[in-house]
Amino acid sequence: MEEKIEEIKGEIALELSEVKTSSELFRLKAKYILGKAGIIPGLMKELGKASKEDRPKLGMVINSLKEWAADYFAKKEAEINEAERNYRYKKEEIDITMPAKRVPQGTYHPVSIVKAELIDIFAGMGFRVLETREIEDDFHNFTALNTPKEHPARDKQDTFYINDDFMLRTHTSPGQIRSLTTIKPPFKVLIPGRVYRADDDATHSPMFHQIEGMVIDKGVTMADLKGTLNTLVRKLYGENTVTRFRPHHFPFTEPSCEMDVQCHKCGGKGCPTCKGEGWIEILGAGMIHPKVLEGCGIDTDVYSGWAFGMGLERLAMRRFKISDLRLIFENDVRFLQQF
């Protein structure tokens with residue numbers, strides 16, 4: 001038995017000297033000392049064959065072998081763990097002298113830039129910002145805004161209907177009705193948001209962004225509206241920006257107008273961007289129709305008001321001299337990085 005034990009020690013020492021990894025060590029450990037199938041635990045079976053007088057001595061020898069093997073394996077395990085840890089540290093080592101990887105920086109979308117500028121300008125005039133819903137009912141989107149049933153704006157070729165009573169809002173003007181019925185005058189509100197119309201060309205998109213402004217107070221006039229809008233445009237485009245107001249018709253304002261700015265592409269001479277007119281319409285506005293105010297419970301003998309609505313994409317095109325509206329929605333990184 002003693003000769004066999006010395007032989008096992010020699011085999012363990014030899015095989016352990018060639019072990020390089022934790023997995024190899026575990027397999028060798030299983031072979032010699034783990035479980036009943038191990039070589040050393042198997043030696044206990046030999047005790048049954050020995051005489052009663054020799055069993056205590058043999059048991060001591062086998063236990064001594066167990067302790068030696070466990071200690072020998074533990075030392076080897078510590079060496080391997082240290083080697084693997086050092087290898088991992090080396091592999092994960094960071095050279096702080098190397099240049100850092102460049103992380104691409106995002107930029108604000110041109111529409112977001114213009115929206116932020118508008119909010120900042122109107123906040124300075126005392127307006128507060130409200131967000132309203134994109135899915136509207138017929139009452140808030142059309143009826144309360146003095147738009148009769150036969151009006152072409154209600155046509156299904158122009159409006160994205162969900163059913164007969166609900167649609168994707170065609171303008172931010174429903175926010176006027178919700179403000180008039182929930183806020184006590186006087187007040188100034190600014191209502192930005194996405195709107196939807198069935199239209200698509202170089203200057204129109206089926207989904208675009210509008211911003212609606214409304215003032216309700218005593219003695220409000222058309223002159224206040226024009227002065228506010230001219231101040232807005234000059235702050236956006238510069239003091240020398242040329243504007244004009246044209247009479248127009250909207251069901252929910254009376255009198256109504258459209259405001260144009262001189263085409264940034266041709267300087268008023270006429271080009272494809274302005275469709276040869278030299279001007280680009282940027283917003284519609286007017287004095288809020290008395291029927292709209294009265295329908296919302298506002299006493300028109302005391303209060304009057306004006307409102308305007310403008311497309312943010314149109315403003316962005318003028319602000320950044322963008323010739324085709326579709327560029328704004330294509331999300332081409334090469335285009336967006338310019339801003």
Side-chain angles (χ1 to χ4, degrees), residues 109-112 114-115 118 130-179 189-214 229 246-254 256-261 263 272-275 277 279-286 288-289 292 307-320 322-331:
H109 192 280
V111 171
S112 298
V114 170
K115 178 182 175 182
L118 287 173
L130 299 178
E131 297 279 351
T132 59
R133 62 193 69 185
E134 292 182 23
I135 295 177
E136 272 295 358
D137 55 53
D138 181 87
F139 175 78
H140 287 88
N141 198 77
F142 291 126
T143 304
L145 289 163
N146 200 31
T147 306
K149 290 289 184 182
E150 66 277 5
H151 196 280
R154 292 175 176 263
D155 198 298
K156 291 186 177 180
Q157 290 183 340
D158 299 321
T159 302
F160 293 106
Y161 282 90
I162 297 171
N163 55 38
D164 290 339
D165 296 319
F166 290 91
M167 73 282 302
L168 298 178
R169 65 181 176 187
T170 58
H171 46 186
T172 47
S173 297
Q176 289 186 30
I177 306 304
R178 297 192 180 277
S179 300
V189 293
L190 198 65
I191 308 164
R194 285 185 291 265
V195 298
Y196 305 85
R197 295 180 195 172
D199 206 353
D200 187 16
D201 59 35
T203 56
H204 297 85
S205 168
M207 186 286 293
F208 57 102
H209 299 78
Q210 275 191 348
I211 194 161
E212 191 94 3
M214 179 174 61
L229 294 179
R246 294 178 289 102
H248 199 69
H249 170 72
F250 298 108
F252 36 86
T253 53
E254 180 59 38
S256 304
C257 66
E258 284 189 338
M259 183 183 188
D260 302 336
V261 293
C263 179
T273 299
C274 60
K275 298 180 180 178
E277 296 180 3
W279 298 87
I280 296 177
E281 178 259 315
I282 62 169
L283 61 85
I288 300 175
H289 200 294
V292 174
F308 65 86
M310 65 181 81
L312 293 181
E313 285 79 6
R314 293 275 185 92
L315 292 179
M317 289 177 71
R318 178 69 173 78
R319 170 81 163 73
F320 298 111
I322 300 169
S323 60
D324 193 324
L325 179 71
R326 288 168 291 198
L327 290 169
I328 291 175
F329 296 100
E330 289 173 354
N331 288 325

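Predicted model only: the values in this text are computed from it and were never measured.
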Nearest heavy-atom contact between Ala316 and Val114 is CA-CG2, 3.7 Å

Value for CD (Glu313) from NZ (Lys115), rounded to nearest 0.5 Å, stands at 11.0 Å

Closest non-hydrogen contact found for Pro174 with Glu136 is CB-OE2, 3.4 Å

Test side-chain contact (heavy atoms from CB on, under 4.5 Å) on Phe142 and Thr159 and set out the steps. CA-CA 11 Å; Phe142 291 126; Thr159 302; 4.0 Å; yes

Pair Lys275 + Glu281: basic N to acidic O under 4.0 Å: no

When you compare the side chain of Tyr196 with that of Met167, does any pair of heavy atoms fall below 4.5 Å?
no

Legend entry - More than 12 heavy atoms of other groups within 6.0 Å of Arg246 CZ: yes

The reported gap from CG in Asp155 to NE2 in His151 (rounded to nearest 0.5 angstrom) is 11.5 Å

| request: Please work out whether the ring planes of Phe252 and His171 are parallel, tilted or perpendicular, with thresholds of 30° and 60°. | output: perpendicular

Before you tell me yes or no, could you show the steps for Arg178 and Arg133 under side-chain contact (heavy atoms from CB on, under 4.5 Å), namely the whole-Å CA-CA distance, both residues' side-chain angles and the distance that decides it to 0.1 Å?
CA-CA 10 Å; Arg178 297 192 180 277; Arg133 62 193 69 185; 3.4 Å; yes

Residues Glu212 and Gly309: closest non-hydrogen pair is OE1-CA, 3.8 Å

Is Leu168 close to Ile135 at the side-chain level, that is, under 4.5 Å between some pair of heavy atoms? yes

Closest heavy-atom pair, Leu130 versus Ser179, reported as atoms and distance to 0.1 Å, is CD1-OG, 3.4 Å

ask   = Can any side-chain N or O of Asn146 pair as donor or acceptor with the backbone N or O of Val292 at less than 3.5 Å?
value = no

Test your reading of the model: is there a side-chain donor-acceptor pair from Arg319 to the backbone of Val111, 3.5 Å cut-off? no

Side-chain donor-acceptor pair under 3.5 Å between Thr170 and Asn141, yes or no? yes

request  = Taking His109 for its side chain and Ile328 for its backbone only, find out whether a donor-acceptor pair lies under 3.5 Å.
outcome  = yes

Side-chain heavy-atom pair Met310, Ile282 within 4.5 angstrom cut-off:
no

When rounded to the nearest 0.5 Å, the distance separating CE of Met317 from CG of Leu327 is 8.0 Å

Next on the checklist: Could you check whether any side-chain heavy atom of Ser205 comes within less than 4.5 Å of a side-chain heavy atom of Arg326, counting everything from C-beta outward?
Outcome noted: no

Tyr161 side chain to Arg154 main-chain N or O, any donor-acceptor pair under 3.5 Å?
yes

When every non-hydrogen atom of Leu312 is compared with those of Leu118, the smallest separation belongs to CD2-CD1, 3.2 Å

One should read off an interatomic distance between His289 NE2 and Leu145 CG, to the nearest 0.5 angstrom, of 11.5 Å

Residues Cys274 and Ile280: closest non-hydrogen pair is CB-CG1, 4.0 Å

Do Thr132 and Arg169 come within less than 4.5 Å of each other through their side chains, counting heavy atoms only? yes

Rounded to the nearest 0.5 angstrom, the OG-CZ distance for Ser173 and Phe308 is 11.0 Å

Practice problem: Start with the C-alpha distance between Met207 and Phe329, add both sets of side-chain angles, then the distance that settles side-chain contact (heavy atoms from CB on, under 4.5 Å), and finish with yes or no. | Solution: CA-CA 9 Å; Met207 186 286 293; Phe329 296 100; 3.9 Å; yes

Between the CG atom in Asp164 and the CG atom in Asp137, the distance rounded to the nearest 0.5 Å is 13.5 Å

